[in-house]
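For reference, the structure discussed in these notes is given below.
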Number of protein chains: 2
Amino acid sequence: MADVAKRAGVSTMTVSRALRSGTAISQETRKKIVAAADDLGYVIDATASGFASGKTGFVAMTIPSIDNANFADTVRGVTDGLREYNLQLLLGYTNYDIAEEERLIEGMLGHRPDAVIVTGGAHTDRCRHLLSSYGAPIVETWDLPAKPLQHVVGFSNNEAGRLMADHLYDQGYRRIAFIGGDVKRDTRGADRRRGFEARLVELGLDNDRIISATQPPTMMHEAAQAFDALIDRWPDTDAVMCVSDLAAFGALSAAYKHGFDVPKNIAIAGFGAYDVSAFASPEITTIDVKAAAIGRQAAMLIRESLGSSIEDQTRQIRQTAVDIVIRASTAKPREN
Amino acid sequence: MADVAKRAGVSTMTVSRALRSGTAISQETRKKIVAAADDLGYVIDATASGFASGKTGFVAMTIPSIDNANFADTVRGVTDGLREYNLQLLLGYTNYDIAEEERLIEGMLGHRPDAVIVTGGAHTDRCRHLLSSYGAPIVETWDLPAKPLQHVVGFSNNEAGRLMADHLYDQGYRRIAFIGGDVKRDTRGADRRRGFEARLVELGLDNDRIISATQPPTMMHEAAQAFDALIDRWPDTDAVMCVSDLAAFGALSAAYKHGFDVPKNIAIAGFGAYDVSAFASPEITTIDVKAAAIGRQAAMLIRESLGSSIEDQTRQIRQTAVDIVIRASTAKPREN
DNA sequence: TTGAAAGCGTTACCAT
DNA sequence: ATGGTAACGCTTTCAA
């Protein structure tokens, strides 16, 4: 920076101002300085800058899995919402493990992010403590936690499960199952399952056809195996909701191998509105949670929080939309 | 840190040493200091640490798209390979746009990463300049660039295309097409296409059945449309390679809508060994490039580079495996 | 609109 | 094995 200042014939302080926005400086001085910086290939050192100003320009974010179109969409929403504010995303994935989340968060907080976005409302006690005492905006997403840390942008996974139970019931299905992951790890998937089960009971149906023998993420392979186990144990099952569309696609694949017609012999539904569910044969009924919009809203919340003084901070709880997308895979009820 | 030092009855310098590894300090002093730090909830400030030491602990990485299982696998490989070294990944996605890559890289370099990983060998001139003059290990992945910036971990996309052309020819297909993205943006997909075309010509076939009307990433929807266009223009096409498995799945879906049997009426092949290709009906022939291994090798290269003095740095070019995975979607040749 | 000086929290270096 | 001191490159604050 001193070199740039010398070349432009000004002080380092003026260079510092010229290279930021929202600072008082004359147009021609700035132009001169920017030219000098370009000549020298100078890029401002965000490390030193953050160190001096206390604003690092980082937003830390954790997601359960990087290889998941839903969370990827939320990340995209955040990135898009933050792009023009020169904020750099610090991304980590927890592998659906809150102990790993704690480790990640601890490492990320060392880099002093200006805000933090986490997925879900389940955290270790230590992680909750780290976050709540950190002193920067925190946003929990993809859930409506009973005890929010601070801001929330999410939806009720329980409601999503109930929505699908209602739909399958309305279509005439009565022997309804669920394929999903480990309750301890994918807490949101577990919430969907609980809502689904609870609604089945309210509708007067059994809720014991639950196959959850797999670790999350429940992918195609695990779901195909789970489907085999389901049919083995309850051969008369006439509909199944899967914890995600990927699982539903795996189940669909297994159903073909059993010689089943979907939905004539069995209905299959998913969750998440992945591309694959729209292009499967038959197309798979699913639930769309507008993952990118969750990210955009989280980014908006952060911008507002960073823009206002600490006294103005009010906790924001924003519930996002959950839409059922009805397709052929649950379209034809059997005669009962 | 001063508080911790006071509480433990030592100097800040000793605290600094106690909280790092590989520093000379007595066991009991360290124990005392760690206890004091825990009591105070003290976490070292990586910003100041990086500022003082010149080592930030960041590894910057750019990928074309976050929502792509192949690149996600590479990211996972990098993360896993770096985890125990306390390196934090700074991830950005370019959306297959080298101008966006330049912007991203510039922003990331401001945070002074200890190493940089990029996807592919196509960069803007300015980006090449920024990277080559940056003074830290650089790894290009997923390609074998003609003019590498420094280290490379990748494979020949051209060869991958040729491999599939050979397979389809061997199976007896003769009227072979390609569905892929914009040559300007997905340069690796374009290389696959070029190798594919070139091999078709060597085998004495036409190479004009190329549909590339879409912007990358060529996803299911675009590929389905492209398939329609292909059949409209060249109804007698008997095989098609798609730029990725996602595209292949979209094409498969379109083929069903045309009433085609795959592979009896037309063979469909993909690239990337995505889960979806293994669970589609029929299962889709693809090419496995071991995406996670690319990431692990890149991480290994970086660890070695960071561990050795600058004089010992020799450029490493590591070619990775490319395996064809033959499945039912290309299994049954037609009579010619 | 510009400049000078102080200081951000840590580590490198040298001394003990 | 431990401590003192300078320095990292920038921004904040205050003054001109």
Side-chain angles (χ1 to χ4, degrees), chain A residues 1-34 36-37 40-58 86 88 107-114 134-136 306 309, chain B residues 1-34 36-37 40-58 86 88 107 109-114 134-136 306 309-310:
Chain A
M1 190 181 258
D3 296 343
V4 176
K6 193 185 294 180
R7 182 180 258 256
V10 295
S11 72
T12 60
M13 202 46 245
T14 307
V15 174
S16 170
R17 279 191 272 254
L19 266 29
R20 279 177 290 165
S21 51
T23 47
I25 192 167
S26 76
Q27 277 308 317
E28 60 181 319
T29 311
R30 167 168 279 153
K31 205 182 295 175
K32 208 164 50 181
I33 291 170
V34 168
L40 268 49
Y42 171 79
V43 178
I44 200 143
D45 186 334
T47 303
S49 165
F51 179 48
S53 69
K55 300 248 150 268
T56 57
F58 284 126
N86 283 81
Q88 165 75 47
M108 287 172 156
L109 292 188
H111 291 289
R112 301 293 186 264
D114 297 337
Y134 178 61
L306 293 180
S309 64
Chain B
M1 188 182 260
D3 297 343
V4 177
K6 192 185 295 180
R7 181 181 258 256
V10 295
S11 72
T12 60
M13 204 46 245
T14 307
V15 174
S16 170
R17 277 190 275 253
L19 266 28
R20 279 176 292 166
S21 52
T23 46
I25 193 167
S26 76
Q27 279 307 316
E28 61 180 317
T29 311
R30 166 168 283 152
K31 206 182 298 175
K32 209 167 48 183
I33 290 170
V34 168
L40 270 50
Y42 170 79
V43 178
I44 200 143
D45 185 335
T47 302
S49 167
F51 179 51
S53 68
K55 300 248 150 266
T56 56
F58 284 126
N86 282 83
Q88 165 75 49
L109 293 188
H111 291 289
R112 300 295 185 263
D114 297 337
Y134 178 61
L306 294 179
S309 63
I310 295 180

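Letters A, B, ... are given to chains in the order of the sequence lines, protein chains preceding strands, and every chain is numbered from 1.
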Residues which pass salt bridge (charged side-chain N to carboxylate O under 4.0 Å, His left out) with Arg17(B), listed by chain and number, not counting sequence neighbours:
none
Residues in salt bridge (charged side-chain N to carboxylate O under 4.0 Å, His left out) contact with Arg30(A), at least two apart in sequence or another chain
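Listed in chain order: nothing, the list is empty.
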Atom [atom1] of [X] to atom [atom2] of [N]: distance rounded to whole Å?
{"X": "Arg20(A)", "N": "dC10(D)", "atom1": "CZ", "atom2": "P", "result": "11 Å"}
{"X": "Leu19(A)", "N": "dG9(D)", "atom1": "CG", "atom2": "C1'", "result": "13 Å"}
{"X": "Lys32(B)", "N": "dA1(D)", "atom1": "NZ", "atom2": "P", "result": "14 Å"}
{"X": "His111(B)", "N": "dC10(D)", "atom1": "NE2", "atom2": "P", "result": "14 Å"}

Among residues 48-56 of chain A, which residues get a heavy atom nearer than 4.0 Å to DNA chain D?
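Output list: Ala48(A), Ser49(A), Phe51(A), Ala52(A), Ser53(A).
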Only counting residues at least two apart or in another chain, list the ones meeting side chain to side chain donor-acceptor pair (under 3.5 Å) with Thr29(B).
Ser26(B)
Thr12(A): partners by side chain to side chain donor-acceptor pair (under 3.5 Å), with sequence neighbours left out
none
Among residues at least two apart in sequence or on other chains, which ones pass ring-ring contact (aromatic ring centres under 6.0 Å, His included) with Phe58(A)?
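Here the qualifying residues are Phe58(B), His111(B).
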Which residues satisfy the side chain to side chain contact (heavy atoms under 4.5 Å, CB included) test with [X], sequence neighbours excluded?
{"X": "Arg112(B)", "answer": "Asp45(A), Thr47(A), Thr56(B), Tyr134(B)"}
{"X": "Ala36(A)", "answer": "Val4(A), Arg7(A), Ala8(A)"}
{"X": "Lys55(B)", "answer": "Ser53(B), Asp114(B)"}
{"X": "Ser16(B)", "answer": "Met1(B), Met13(B), Arg20(B)"}

Under 4.0 Å from any heavy atom of chain A: name the first and the last nucleotide of DNA chain C that qualifies, 5' to 3'.
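Extent of the interface on DNA chain C: dT1(C) to dG9(C).
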Steps toward side-chain contact (heavy atoms from CB on, under 4.5 Å) verdict (Val43(A), Leu109(B)):
CA-CA 8 Å; Val43(A) 178; Leu109(B) 293 188; 5.5 Å; no
Contact class for Thr12(A) vs. all strands (heavy atom < 4.0 Å): base, sugar-phosphate, or nothing?
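It contacts nothing in the nucleic acid.
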Base, sugar-phosphate, or nothing for Thr29(B), non-hydrogen atoms under 4.0 angstrom?
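It contacts sugar-phosphate atoms only.
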Which distance, rounded to the nearest 0.5 Å, do you find between the CD1 of Ile44(A) and the CG of Leu19(A)?
5.0 Å
N/O to N/O distances under 3.5 Å, protein versus nucleotides 13-16 of chain D:
none

For Ala2(A) and for Val10(B), locate the closest nucleotide of DNA chain D by heavy-atom distance; then report the residue assigned to the nucleotide nearer the 5' terminus.
Val10(B)
